[in-house]
*Asks:* 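If you scroll down you'll find the structure; I have some questions about it.
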Amino acid sequence: MTVRTRFAPSPTGYLHIGGARTALFNWLHARHHGGAFVLRIEDTDLERSTPEAVNAILEGMAWLGLDYDEGPFYQTQRFDRYREVIHQLLESGHAYRCYCSKEELEAMREAQRARGEKPRYDGRCRERTDFPQGEEPVIRFRNPREGQVVVEDLIHGRIVFDNTELDDLIIARADGTPTYNLTVVVDDMDMKITHVIRGDDHINNTPRQINILKALGAPLPKYAHVPMIHGENGRKLSKREGAASVLEYRDMGLLPEAVLNYLVRLGWSHGDQEIFSPDEMIRYFDIQDVNKAASALNQQKLLWLNQHYIKTLPVEHIARHLRWHLGRLGIDTNTGPELERIIEAQRERAKTLRGMAENSAFFYQEISAYDEKAARKHLVAETEPLLNELKAAFGKLPEWSAERLHAVIQSTAEKHGLKLGKVAQPLRVACSGGTVSPPIDITLELLGREKVLKRLEDAIEFIRSSQL
RNA sequence: GCUCCCAUCGUCUAGCGGUCUAGGACGUCGCCCUCUCACGGCGAAAACCGGGGUUCGAGUCCCCGUGGGAGCGCCA
């Protein structure tokens, strides 16, 4: 039987890091087995679902490169089918109408809690034969009252639930709309899902879903419940430390390759290997190797991976992403050096593409203001003659190359009995606006003679005017 | 409260009864390289939650405890 997995987010928020990993594992499992990966949007909660969230999910998946073979399917478009199944369940006696009011149910739960019991529906409408007028009933699934449900989880192993722990859950609301546990079951059945890979917060839903599946006479999928992801502090994921949209990771300047690599290593490993290309992930991934314990997010490692990919991915590939980030900063890359050359010069000193874009802005646009501290230290009276001298020498250079530039800087430093840094730093501040840039000779070469001379002139002017 | 899940360095993890004086990675701390920031190189500190079993032998299996987490909605 061919493997079929699905990712079934509810569009009530953005695609966060935990959801992204669930999607990734489903995708990997399907790809590894040459099966199909289905995307299903669980939007039955009309109140909380939004089209923006749907878009964020779709966009996030696209950015990560998690392509699906079928879907996106929307549950709101399948209400007729759910109604049909609910009827079927009613007909076969696997479901019944419940006329209990919300207040009544709340009172019941209250009493159970007071007795130290687990709150659950006691089945008081189970055998009811009268049909009160007025009240619209909900439909409940008639859960078996004896025996056990055994889940053979691919990650956790055997998990056993007593049916007495389960109650008769609502499968249709009073307004006739289906609830989660019903729609999941119907969809997984109809879409012939063979492997349900989801967060382990769903473990407790599994026996209920299995019972419904059995009542429907449907084959049972295999289950794999992946551990949760916690925030940096080891506690529940909060918005600011990763629950944010994966699109925010994109905006932050991360490469999808890095995010994917980071996510796959959260709860899964292949010996001591740290770096995985998508192809390698697909080749080595086995859902059974996934860990059982929750793992905490570690931004440092994510950034390290990002830097790794910035350093090693083909320059043209980085260029596509960097251009996008420069664009966001309002920078037109036609006004300066070739982007690929910037990347070669910058890739070893950037943790994020956004940082790289910011640090490369001076190649394309004028320096709006010198870094204050840097100017105070390097653009001072003592350095003015130095800059003057360099400017004159640069102006006469027969060839504008890093080698020639380096020679000039070197000899200037020697002539004044200075270490290279004493000359390089003022130059750097004058030409880049700050104290950080690629090696000075390369920076100058990339900038071009015209801009360098102009900026030296501006710097000299700056020194003079700040002395008044 | 009840049910279920989980437990190796700060973090991600290797380990699937002997090869563990517990390996790798991020981070941290030294040293080297160096025109800035970085990259890189070398090195160091750092963990089997506790207690009982099983076994010739336990990080690895079982039980209990402790500590985390999830679920218990006419949310998904």
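Residue numbers begin at 1 in each chain, while the letters A, B, ... track the order of the sequences. Any value given below was found using the heavy atoms of this structure, including those in side chains, with hydrogens, waters and symmetry copies removed. In this text, all values refer to a predicted model and were calculated from it rather than measured experimentally.
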*Asks:* I need the single residue from A:Asp190, A:Thr44, A:Thr183 that forms a side chain to side chain donor-acceptor pair (under 3.5 Å) with A:Arg78. Which is it?
*Replies:*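 The single option meeting the side chain to side chain donor-acceptor pair (under 3.5 Å) with A:Arg78 is A:Asp190.
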*Asks:* CG of A:Asn205 versus P of B:rC4: gap in Å, rounded?
*Replies:* 15 Å
*Asks:* Quick one: label A:Pro438 by what it contacts on the DNA or RNA (base, sugar-phosphate, nothing), any heavy atom closer than 4.0 Å.
*Replies:*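 Since a base atom lies under 4.0 Å of A:Pro438, the category is base.
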*Asks:* What verdict does the ring-ring contact (aromatic ring centres under 6.0 Å, His included) test give for A:Tyr284 and A:Trp268, after you've listed the backbone C-alpha separation in whole Å, the side-chain angles of each residue and the deciding distance to 0.1 Å?
*Replies:* CA-CA 10 Å; A:Tyr284 300 136; A:Trp268 177 83; 7.5 Å; no
*Asks:* Taking 4.0 angstrom as the limit, do A:Glu106 and A:Lys102 come out as a salt bridge?
*Replies:*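 No, this pair does not count.
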*Asks:* Can you tell me which nucleotide in B:rC35, B:rC6, B:rC72 comes closest to the side chain of A:Leu420?
*Replies:* B:rC35
*Asks:* State the pairing partner of B:rC42; accept Watson-Crick or G-U wobble contacts with both distances under 3.5 Å, and report none otherwise.
*Replies:*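 Answer to the pairing question: B:rG30, which forms a Watson-Crick or G-U pair with B:rC42.
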*Asks:* Indicate whether OP1 or OP2 belonging to B:rG24 is found under 4.0 Å from a side-chain N or O atom of A:Gln273.
*Replies:*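 No, because none of the side-chain N or O atoms of A:Gln273 sits under 4.0 Å from OP1 or OP2 of B:rG24.
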*Asks:* Determine the interatomic distance between P on B:rG10 and the same-named atom on B:rG50; round to the nearest Å.
*Replies:*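 So the two P atoms sit 13 Å from each other.
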*Asks:* Please classify the nucleic acid contact of A:Ile440 as base, sugar-phosphate, or nothing, using heavy-atom distances under 4.0 Å.
*Replies:* base
*Asks:* B:rG24, OP1 or OP2 - any side-chain N/O from A:Ser269 closer than 4.0 Å?
*Replies:*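 Negative; the distance criterion is not met.
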*Asks:* Under 4.0 angstrom, heavy atoms only, what part of the nucleic acid is A:Cys100 near: base, sugar-phosphate, or nothing?
*Replies:* base
*Asks:* Taking any strand in view, what nucleotide pairs with B:rC56 in a Watson-Crick or G-U wobble way, both distances under 3.5 Å?
*Replies:* B:rG18
*Asks:* Checking only heavy atoms, does the side chain of A:Arg428 share a donor-acceptor pair with the base of B:rC35 at less than 3.5 Å?
*Replies:*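 Check passes, donor-acceptor contact within cut-off.
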*Asks:* Mind checking who B:rU3 pairs with, Watson-Crick or G-U wobble, both distances under 3.5 Å?
*Replies:*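 Answer to the pairing question: B:rA70, which forms a Watson-Crick or G-U pair with B:rU3.
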*Asks:* If the test is side chain to side chain donor-acceptor pair (under 3.5 Å), which one of A:Arg142, A:Arg126, A:Arg120 qualifies with A:Asp168?
*Replies:*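 Going through A:Arg142, A:Arg126, A:Arg120 one by one, the side chain to side chain donor-acceptor pair (under 3.5 Å) with A:Asp168 is satisfied by A:Arg126 alone.
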*Asks:* Indicate, with a heavy-atom threshold strictly under 4.0 Å, whether A:Phe161 touches base, sugar-phosphate, or nothing.
*Replies:*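 Touches sugar-phosphate only.
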*Asks:* Let's see if you can work this out: which of B:rA76, B:rC72, B:rC35 has an atom nearest to the side-chain heavy atoms of A:Ala424?
*Replies:*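 The nucleotide sitting nearest to the side chain is B:rC35.
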*Asks:* Work out how far the P atom of B:rG65 is from that of B:rC4, and round it to whole angstrom.
*Replies:* 13 Å
*Asks:* Is there a side-chain contact between A:His156 and the phosphate of B:rC6, meaning an N or O under 4.0 Å from OP1 or OP2?
*Replies:*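 Looking at the OP1 and OP2 atoms of B:rC6, one of them is under 4.0 Å from a side-chain N or O of A:His156.
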*Asks:* Between B:rC37 and B:rC29, how far apart are the P atoms? Round to whole Å, please.
*Replies:* 15 Å
*Asks:* With rounding to the closest Å, how many angstrom separate the C1' atoms on B:rG18 and B:rG30?
*Replies:*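 My reading of the C1' atoms in B:rG18 and B:rG30 gives 37 Å.
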*Asks:* How long is the line joining CG of A:Leu297 and C1' of B:rG10, in whole Å?
*Replies:*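 The answer, rounded to whole Å, is 15 Å.
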*Asks:* Strictly distance-based, threshold 3.5 Å: is any side-chain N or O of A:Tyr364 a donor or acceptor partner for the main-chain N or O of A:Pro337?
*Replies:* yes
*Asks:* Give me the distance, rounded to whole Å, that separates B:rG40 from B:rA45 when you measure between the P atoms they each carry.
*Replies:*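 The answer is 22 Å between these two P atoms.
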*Asks:* Base, sugar-phosphate, or nothing: which does A:Arg265 touch, judged by heavy atoms less than 4.0 Å apart?
*Replies:* base
*Asks:* Identify whether any heavy atom of A:Ser432 sits under 4.0 Å from a base atom; if not, whether one sits that close to sugar-phosphate; answer base, sugar-phosphate or nothing.
*Replies:*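 Nothing, no heavy atom under 4.0 Å.
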*Asks:* At under 4.0 Å between heavy atoms, what does A:Gln346 touch on the DNA or RNA strands: base, sugar-phosphate, or nothing?
*Replies:* nothing
*Asks:* Among A:Thr177, A:Asp45, A:Asp43, exactly one meets side chain to side chain donor-acceptor pair (under 3.5 Å) together with A:Thr76. Which residue is that?
*Replies:*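 It is A:Asp43; the other options fail the test.
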*Asks:* In whole Å, measure the gap between the P atoms of B:rC61 and B:rA7 for me.
*Replies:* 10 Å
*Asks:* B:rG24 base to A:Glu274 side chain: any donor-acceptor pair below 3.5 Å?
*Replies:*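 Check passes, donor-acceptor contact within cut-off.
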*Asks:* Regarding A:His225, tell me which of base, sugar-phosphate or nothing describes its non-hydrogen contacts under 4.0 Å with the strands shown.
*Replies:* nothing
*Asks:* Ignoring the backbone of A:Ile170, work out which of B:rC74, B:rC39, B:rC26 is nearest its side chain.
*Replies:*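 Of the candidates, B:rC74 comes closest.
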*Asks:* Report yes if at least one side-chain N or O of A:Arg109 is closer than 4.0 Å to OP1 or OP2 of B:rG73; otherwise report no.
*Replies:* yes
*Asks:* Any side-chain N or O of A:Lys351 under 4.0 Å from OP1/OP2 of B:rC37?
*Replies:*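 No, outside the criterion.
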*Asks:* Touch check for A:Glu117, heavy atoms < 4.0 angstrom, all strands: base, sugar-phosphate only, or nothing?
*Replies:*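 Touches a base.
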*Asks:* I want to verify the glycosidic state of B:rC39; is it syn or anti under the 90° rule?
*Replies:*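 With its glycosidic angle within 90° of zero, B:rC39 counts as syn.
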*Asks:* Let me spell it out: for each of A:Ala294 and A:Arg115, pick the nucleotide of RNA chain B with the closest heavy atom. Which residue's pick is nearer the 5' end?
*Replies:* A:Arg115
*Asks:* Measure from the side chain of A:Gln300, starting at C-beta and using heavy atoms only, and say which of B:rU11, B:rG27, B:rC74 lies closest.
*Replies:* B:rG27
*Asks:* Is A:Arg40 paired with A:Glu42 through a side-chain N to carboxylate O contact shorter than 4.0 Å?
*Replies:*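 Looking at A:Glu42 and A:Arg40, the cut-off is met.
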*Asks:* Considering only the P atoms, how many Å lie between B:rG51 and B:rU60, rounded to the nearest integer?
*Replies:*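 Pairwise P distance, B:rG51 against B:rU60, rounds to 12 Å.
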*Asks:* For the side chain of A:Leu266, counting heavy atoms from C-beta on, which of B:rU11, B:rC12, B:rA76 is nearest?
*Replies:*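 Ranking B:rU11, B:rC12, B:rA76 by closest atom to the A:Leu266 side chain puts B:rC12 first.
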*Asks:* Check whether any side-chain nitrogen or oxygen of A:Lys292 sits under 4.0 Å from OP1 or OP2 of B:rC6, and answer yes or no.
*Replies:*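 True: A:Lys292 side-chain N/O within range (under 4.0 Å) of B:rC6 OP1/OP2.
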*Asks:* Both conditions, 6.0 Å and 45 degrees, for the charged tip of A:Arg449 above the ring of A:Phe394: are they met here?
*Replies:* no
*Asks:* A:Ser295 near the nucleic acid: base, sugar-phosphate alone, or nothing, with a heavy-atom cut-off under 4.0 Å?
*Replies:* sugar-phosphate
*Asks:* Would you call A:Glu84 and A:Arg81 a salt bridge, using N to O less than 4.0 angstrom?
*Replies:*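 Result for this pair is yes, salt bridge flagged.
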*Asks:* For a quick check of understanding: with a heavy-atom distance under 4.0 Å over all strands, which category does A:Lys419 fall into, base, sugar-phosphate or nothing?
*Replies:* nothing
*Asks:* Any base atoms under 4.0 Å from A:Ala174, or only sugar-phosphate, or nothing? Heavy atoms, all strands.
*Replies:* base
*Asks:* Round to a whole Å and report the spacing from CG of A:Leu166 to P of B:rU3.
*Replies:*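 So the two atoms are 13 Å apart, to the nearest Å.
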*Asks:* When both hydrogen-bonding distances must be under 3.5 Å and the geometry is Watson-Crick or G-U wobble, what is B:rC49 paired with, if anything?
*Replies:*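 B:rC49 is paired, partner B:rG65.
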*Asks:* If you assign A:Glu136 and A:Gln307 each to the RNA chain B nucleotide with the nearest heavy atom, which residue ends up on the more 5' nucleotide?
*Replies:*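 Counting from the 5' end, the first nearest nucleotide belongs to A:Gln307.
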*Asks:* When we call it a touch if two heavy atoms are under 4.0 Å apart, what does A:Asp167 touch: a base, just sugar-phosphate, or nothing?
*Replies:*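 Here A:Asp167 touches no strand at all.
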*Asks:* Pick base, sugar-phosphate or nothing for A:Arg48, based on heavy-atom distances below 4.0 Å to the nucleic acid.
*Replies:*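 Base contact - A:Arg48 has a heavy atom under 4.0 Å of at least one base atom.
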*Asks:* I want to verify a distance call: between B:rC74, B:rG27, B:rC5, whose nearest atom is closest to the A:Trp304 side chain?
*Replies:*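 That would be B:rG27.
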*Asks:* Between B:rA47 and B:rU21, how far apart are the two C1' atoms, rounded to whole Å?
*Replies:*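 Those two atoms are separated by 15 Å.
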*Asks:* Ignoring backbone atoms, establish whether A:Asn291 has a side-chain N or O less than 4.0 Å from OP1 or OP2 of B:rA14.
*Replies:*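 For B:rA14, OP1/OP2 do have a side-chain N/O of A:Asn291 under 4.0 Å.
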*Asks:* Name the closest nucleotide to the A:Ile203 side chain, picking from B:rU11, B:rG27, B:rC5.
*Replies:* B:rC5
*Asks:* Which of the following nucleotides, B:rA76, B:rC35, B:rC2, is nearest to the side chain of A:Lys118?
*Replies:*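 My answer, after comparing the listed nucleotides, is B:rC2.
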*Asks:* Using atom CD1 of A:Ile159 as one end and atom C1' of B:rC5 as the other, report the distance to the nearest whole Å.
*Replies:* 7 Å
*Asks:* Taking N and O atoms by type only, does the side chain of A:Asp201 place a donor or acceptor under 3.5 Å from a partner on the base of B:rG71?
*Replies:* no
*Asks:* Less than 4.5 Å apart, side chain to side chain, heavy atoms only: is that true for A:His29 and A:His195?
*Replies:* yes
